[in-house]
S.K.: 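What follows is a single structure, and I will ask about it in a moment.
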Amino acid sequence: MIRSELIQKIADENPHLYQRDVERIVNTVFDEVTEAMARGDRVELRGFGAFSVKQRESRVGRNPRTGDTVQVEEKHVPFFKTGKLLRDRLNGK
Amino acid sequence: MGEKTLTRMDLSEAVFREVGLSRNESAQLVESLLNHISDALVRGEQVKISSFGTFSVREKSARVGRNPKTGQEVPIQPRRVLTFRPSHLMKDRVAAGNKSGG
């Protein structure tokens, strides 16, 4: 399923809404999650999962082609942990 | 960083502000969005949201695990797990937003 199919499904269930409003709704939800993580916040959606930011320490890396050592700076990466309900549903519980 | 935890309520509040539906209907739409994503994943589909990321279901085979506390071996059944791969855009925004001193 891709974004446009998700929008279509929600639009089909809500015939009283304009398609462009459904698009705005879906985009707003995803943008909110990204913006929260960009601020360093967590987004916890019980039963579905939680989005959080993990810190990766700086380290000395290596260019795999040349073998040269390179300093890799500390960085922050997005992380998702599946919620218990969804994990159980995936396994038919 | 890591100051706040947002919930469904914050997402529906954002929808409410953005589109001007009632708070109740905004909450229902957020719930419906999460349900559609979950249902697709349970059917085994990949869910690909451009500029956000991709949720995919992976099959894990059975293995022998170990209780880390007691050291006892326990069989782990084959199972399906969900992985989320953030888009480049999300990675860049999260990295830029959390840069120390930036």
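Predicted model, so just to flag it, every value in this text is computed and none were measured. Every heavy atom of this structure was used, including side-chain atoms; hydrogens, water molecules and symmetry mates were not. Residue numbers begin at 1 in each chain, while the letters A, B, ... track the order of the sequences.
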S.K.: Let me know if B/Ala40 has heavy atoms under 4.5 Å from chain A in its side chain, its backbone, both or neither.
M.R.: side chain
S.K.: Less than 4.5 Å to any heavy atom of chain B: does that hold for the side chain of A/Val77, its backbone, both, or neither?
M.R.: backbone
S.K.: What distance separates A/Arg42 CZ from B/Thr7 OG1, expressed to the nearest 0.5 Å?
M.R.: 11.5 Å
S.K.: More than 12 heavy atoms of other residues, nucleotides or ligands under 6.0 Å from CZ of B/Arg58: is that the case?
M.R.: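 No - once you tally the heavy atoms of other residues, nucleotides and ligands closer than 6.0 Å, there are 12 at most.
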S.K.: Could you grab the distance from atom OG of B/Ser51 to atom CZ of A/Arg3, nearest 0.5 Å is fine?
M.R.: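 B/Ser51 OG to A/Arg3 CZ: 4.5 Å, rounded to 0.5 Å.
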S.K.: Can you find a heavy atom in the side chain of B/Ile49 that is under 4.5 Å from one in the side chain of A/Ile2?
M.R.: no
S.K.: List the steps, then state whether side-chain contact (heavy atoms from CB on, under 4.5 Å) holds for A/Leu17 with B/Leu21.
M.R.: CA-CA 10 Å; A/Leu17 298 179; B/Leu21 303 169; 3.7 Å; yes
S.K.: Side-chain contact, heavy-atom cut-off 4.5 Å: A/Ile25 with B/Glu18?
M.R.: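 Side chain of A/Ile25 against side chain of B/Glu18, heavy atoms only: no contact under 4.5 Å found.
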S.K.: Would a 4.5 Å heavy-atom cut-off, applied to side chains only, mark A/His76 and B/Lys99 as touching?
M.R.: no
S.K.: How far does CG of B/Leu34 sit from CG of A/Leu86, to the nearest 0.5 angstrom?
M.R.: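 B/Leu34 atom CG to A/Leu86 atom CG measures 10.0 Å (nearest 0.5 Å).
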S.K.: Pairing donors with acceptors under 3.5 angstrom, does anything connect the side chains of A/Glu13 and B/His36?
M.R.: yes
S.K.: So which residue, A/Glu5, A/Glu73, A/Arg89, A/Glu32, ends up with the most heavy-atom pairs under 4.5 Å with chain B?
M.R.: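 Heavy-atom pairs under 4.5 Å are most numerous for A/Arg89.
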S.K.: So, B/Asn98 side chain and A/Met37 main chain: donor-acceptor pair closer than 3.5 Å or not?
M.R.: yes
S.K.: Taking the ring centre of each residue, are B/Phe55 and A/Phe80 less than 6.0 Å apart?
M.R.: yes
S.K.: How about NZ on A/Lys75, more than 12 heavy atoms from neighbouring residues, nucleotides or ligands closer than 6.0 Å, or not?
M.R.: no
S.K.: Can you tell me which portion of A/Asn14 sits under 4.5 Å from chain B's heavy atoms? Options are side chain, backbone, both or neither.
M.R.: side chain
S.K.: Which answer fits A/Glu74, side chain, backbone, both or neither, if we ask what part of it has an atom under 4.5 Å from a heavy atom of chain B?
M.R.: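 Contact with chain B: side chain only.
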S.K.: Dump the intermediate steps for side-chain contact (heavy atoms from CB on, under 4.5 Å) on B/Leu33 and A/Ile10, then the final yes or no.
M.R.: CA-CA 7 Å; B/Leu33 178 147; A/Ile10 297 173; 3.9 Å; yes
S.K.: Please check if the side chain of A/Asn91 supplies one atom and the backbone of B/Arg80 the other of a donor-acceptor pair under 3.5 Å.
M.R.: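 Judged by distance alone, yes, a pair lies under 3.5 Å.
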S.K.: Between A/Ile7 and chain B, with a heavy-atom cut-off of 4.5 Å, which part of the residue counts as in contact: side chain, backbone, both or neither?
M.R.: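 Looking at A/Ile7, nothing touches chain B.
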S.K.: For B/Asp39, is it the side chain, the backbone, both or neither that has a heavy atom under 4.5 Å from a heavy atom of chain A?
M.R.: both
S.K.: Nearest 0.5 angstrom please: B/Leu41 CG to A/Met1 CE, how far?
M.R.: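 CE of A/Met1 is found 7.0 Å from CG of B/Leu41.
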S.K.: Would a 4.5 Å heavy-atom cut-off, applied to side chains only, mark B/Arg93 and A/Pro78 as touching?
M.R.: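 No, side chains not in contact.
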S.K.: Given that the side chain runs from C-beta out, which part of A/Phe79 has a heavy atom under 4.5 Å from chain B: side chain, backbone, both or neither?
M.R.: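 For A/Phe79, there is no contact with chain B at all, as no heavy atom is under 4.5 Å.
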S.K.: Among A/Val43, A/Val26, A/Leu90, which residue forms the greatest number of heavy-atom pairs with chain B at distances under 4.5 Å?
M.R.: A/Leu90
S.K.: Heavy-atom cut-off 4.5 Å, strictly under: side chain, backbone, both or neither for B/Glu45 against chain A?
M.R.: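 Contact with chain A is through the side chain of B/Glu45 alone.
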S.K.: To the nearest 0.5 angstrom, please state how far the NZ atom of A/Lys81 sits from the CZ atom of B/Phe84.
M.R.: 16.0 Å
S.K.: Taking B/Phe16 as the starting point, is it possible to reach B/Val30 by hopping between hydrophobic residues whose side chains are less than 4.5 Å apart?
M.R.: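 No, because B/Val30 and B/Phe16 fall into different hydrophobic clusters, even though each may have its own neighbours under 4.5 Å.
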S.K.: For side-chain contact (heavy atoms from CB on, under 4.5 Å), just list the numbers for A/Thr82 and B/Val81, CA-CA rounded to whole Å, side-chain angles, deciding distance to a tenth of an Å, and then say yes or no.
M.R.: CA-CA 8 Å; A/Thr82 312; B/Val81 297; over 6 Å; no
S.K.: Can you check side-chain hydrogen bond (donor to acceptor under 3.5 Å, both in side chains) on A/His16 and B/Glu25, steps first, answer last?
M.R.: CA-CA 12 Å; A/His16 62 292; B/Glu25 190 169 14; 2.5 Å; yes
S.K.: Which answer fits B/Arg17, side chain, backbone, both or neither, if we ask what part of it has an atom under 4.5 Å from a heavy atom of chain A?
M.R.: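 Side chain only.
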S.K.: Of the backbone (N, CA, C, O) and the side chain (C-beta and beyond), which part of B/Val57 lies under 4.5 Å from a heavy atom of chain A, both, or neither?
M.R.: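 When you check distances to chain A, only side chain atoms of B/Val57 fall under 4.5 Å.
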S.K.: Taking every heavy-atom pair that is under 4.5 Å apart, which of B/Ser32, B/Ser50, B/Ala95, B/Pro78 has the most such pairs with chain A?
M.R.: B/Ser50
S.K.: Tell me, side chain or backbone of A/Arg56 under 4.5 Å from chain B's heavy atoms, or both, or neither?
M.R.: neither
S.K.: Around atom CD of B/Gln72, are there more than 12 heavy atoms of other residues, nucleotides or ligands at under 6.0 Å?
M.R.: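 Check fails, neighbour count at 12 or below.
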S.K.: Could you tell me the separation between the CG atom of B/Leu11 and the CZ atom of A/Phe30, rounded to the nearest 0.5 Å?
M.R.: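 One finds 10.0 Å between CG of B/Leu11 and CZ of A/Phe30.
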S.K.: So for A/Leu45, is it side chain, backbone, both, or neither that comes closer than 4.5 Å to the heavy atoms of chain B?
M.R.: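 Answer is both: backbone and side chain atoms of A/Leu45 are under 4.5 Å from chain B.
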S.K.: Side chain, backbone, both or neither: which part of B/Ile37 has a non-hydrogen atom closer than 4.5 Å to chain A?
M.R.: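 Both the backbone and the side chain of B/Ile37 come within 4.5 Å of chain A.
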